[in-house]
Protein chains: 2
Amino acid sequence: MPIDRRPLREQIREELLSRLDRGEFAAGTDINEVALAAELGVSRTPLREALITLAGEGVLQSNQGRGFRFAPVSRKEFRELCEIVAGLESLALGCSDPDYLREIAPELLRLARDFPDRIAEQEVIERHDDEWHDLLLSGCRNERLLDLITSVKAGLRRYAHLLAGDETPLEREAAEHCRVAELLMSGDLAGAGQALHDNWVNGMERLMSRIPQS
Amino acid sequence: MPIDRRPLREQIREELLSRLDRGEFAAGTDINEVALAAELGVSRTPLREALITLAGEGVLQSNQGRGFRFAPVSRKEFRELCEIVAGLESLALGCSDPDYLREIAPELLRLARDFPDRIAEQEVIERHDDEWHDLLLSGCRNERLLDLITSVKAGLRRYAHLLAGDETPLEREAAEHCRVAELLMSGDLAGAGQALHDNWVNGMERLMSRIPQS
DNA sequence: ACTATGAATTCTGAATACAAAACACAGCGA
DNA sequence: TCGCTGTGTTTTGTATTCAGAATTCATAGT
């Protein structure tokens, strides 16, 4: 295997996002740069570079002289992010090759039907969901748009651990994914885009109550 | 006047973007950090922080061991960026308060009619256009979306100086703005969003030929 | 003449050092 | 008791230094 030749700041960014998924950082708390750098075993310089990147993605906030903090979560922001991703993903669907979409539709349908049950651990469910969306967007020819979606979704990661729990109506999620796949199979791209948008908005509504009032 | 208390990296970022608007940086050229830092009168640290921010916005590219370079321009990327902004701005319109939009519609119409003529210098035209779009989006309640639009538009700044010239059909631009304003005045929000989208796509098509073939 | 190799140079990536701002807290005075 | 002020500490923001990668250029070999 080729050794990792990416800049440290990127590895640090991913490590921080991965810890965020695991809920290791409480929202709203400030970051102590020296402590975190020591914990990660790197110097402050690449750490700060990673923090600046994350701030650009909205994961962190920065205040002059006061350093970085994890941006507080709020229902308002969660709604805003979901609306944005909903818009961007359906936009991406519109930028995709219809033939390719019809080609992958059966696989999308299969993945949607194989949705893990409520017993599965949260991480498995999330991975499966991400996989489905990644495959769905894999035909998008607008590369900048794909990058943008990835970046905006990073902001949603702060909400991931809040959403863990067995009450999530996975059947609804799976059914909506099936519907998107079926519409794609029938060639109704506009309808699929709308269904995808609705999937995001519905999911947001369902999860909204799990987010603490700002 | 209150003195500027923002971090250096932000001031540097804006200075670089402003120079980009003036066409002082050729696309595709790499950046010499020590030279640029000396020219700006700052050290490499905040300069690199600004460069990393700009790379996150797609203005720059970074390659391991090779530093930063201004991302090359291409018709493909220009189209991609315009498609994204078109989608985001019409999305933002949908997140706006319809009453507020109807309220500002007359001002939007006035601004559109006052569009500077072809004699005006490019900078004046651009500022006027930005002002119009800013006012249009000022009613958007999705703050994250507004930030995102600003960020994506930064990527478009690399194209600004390429688009300078007296051949630009300003009448078309002004007419399309008028149409958006009129639809807003009549309360047709969906129609206005569509017209705004078309405005971006049409503008893109018109300007596409001015961008050198990749 | 052309390619390949290797040393010298240049530049980036990362670590460290320094300066200044924010914070905490004790002492003082109204 | 409350608030202000000044000092000491902590932490960030910026500068500088160091190490290593990439590039350049000269030279040797085919």
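Naming: A, B, ... by sequence-line order, numbering from 1 per chain. In this text, all values refer to a predicted model and were calculated from it rather than measured experimentally. Every heavy atom of this structure was used, including side-chain atoms; hydrogens, water molecules and symmetry mates were not.
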message: By nearest atom, which of the nucleotides D/dG13, C/dG13, C/dA15 is closest to the A/Gln64 side chain?
response: D/dG13
message: From C-beta outward on B/Asn32, which listed nucleotide comes closest to its side chain: C/dA15, C/dT12, D/dG13?
response: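 Of the candidates, C/dT12 comes closest.
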- request: Could you tell me how the ring of A/His133 sits relative to the ring of A/His177: parallel (under 30°), tilted (30 to 60°) or perpendicular (over 60°)?
  value: perpendicular
- prompt: Which class fits the ring pair A/Phe115 and A/His128: parallel under 30°, tilted 30 to 60°, perpendicular over 60°?
  reply: perpendicular
Return no unless some side-chain N or O of [X] is found under 4.0 Å from OP1 or OP2 of [N].
X: B/Arg5; N: C/dA22; answer: yes
X: B/Thr45; N: D/dT14; answer: no
X: A/Arg66; N: C/dC23; answer: yes

Just the rounded figure in Å: distance from [atom2] of [N] to [atom1] of [X].
X: B/Arg48; N: C/dA15; atom1: CZ; atom2: P; value: 12 Å
X: B/Glu33; N: D/dT17; atom1: CD; atom2: P; value: 17 Å
X: B/Leu36; N: C/dT12; atom1: CG; atom2: C1'; value: 14 Å
X: A/Asp4; N: C/dG13; atom1: CG; atom2: C1'; value: 14 Å
X: B/Arg9; N: D/dA15; atom1: CZ; atom2: P; value: 13 Å
X: A/Leu47; N: C/dA15; atom1: CG; atom2: C1'; value: 13 Å
X: B/Asp30; N: D/dA21; atom1: CG; atom2: P; value: 20 Å
X: B/Leu8; N: D/dT12; atom1: CG; atom2: C1'; value: 13 Å

message: Whether A/Arg102 and A/Glu107 form a salt bridge (side-chain N of Lys/Arg under 4.0 Å from carboxylate O of Asp/Glu) is what I want to check.
response: no
- prompt: Hey, are A/Arg79 and A/Glu83 close enough for a salt bridge, meaning a charged N less than 4.0 Å from a carboxylate O?
  reply: no
message: On DNA chain D, compare the nucleotides closest to B/Pro7 and B/Arg44; which residue's is nearer the 5' end?
response: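 Per heavy-atom nearest nucleotide, the more 5' residue is B/Pro7.
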query: When all nucleic acid strands are considered with a 4.0 Å heavy-atom cut-off, which category describes B/Asn63: base, sugar-phosphate, or nothing?
result: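 B/Asn63: backbone/sugar contact only, no base atoms under 4.0 Å.
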- prompt: Which part of the nucleic acid, if any, lies within reach of B/Ile31 when heavy atoms closer than 4.0 Å are counted: base, sugar-phosphate only, or nothing?
  reply: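 Here B/Ile31 touches the backbone only, sparing every base.
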- request: Say whether A/Gln122 and A/Glu126, considering side chains only, have a donor N or O and an acceptor N or O under 3.5 Å apart.
  value: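 Yes - a donor-acceptor pair under 3.5 Å links their side chains.
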5' precedence on DNA chain C between A/Gly65 and A/Glu49 (nearest-nucleotide basis): A/Glu49
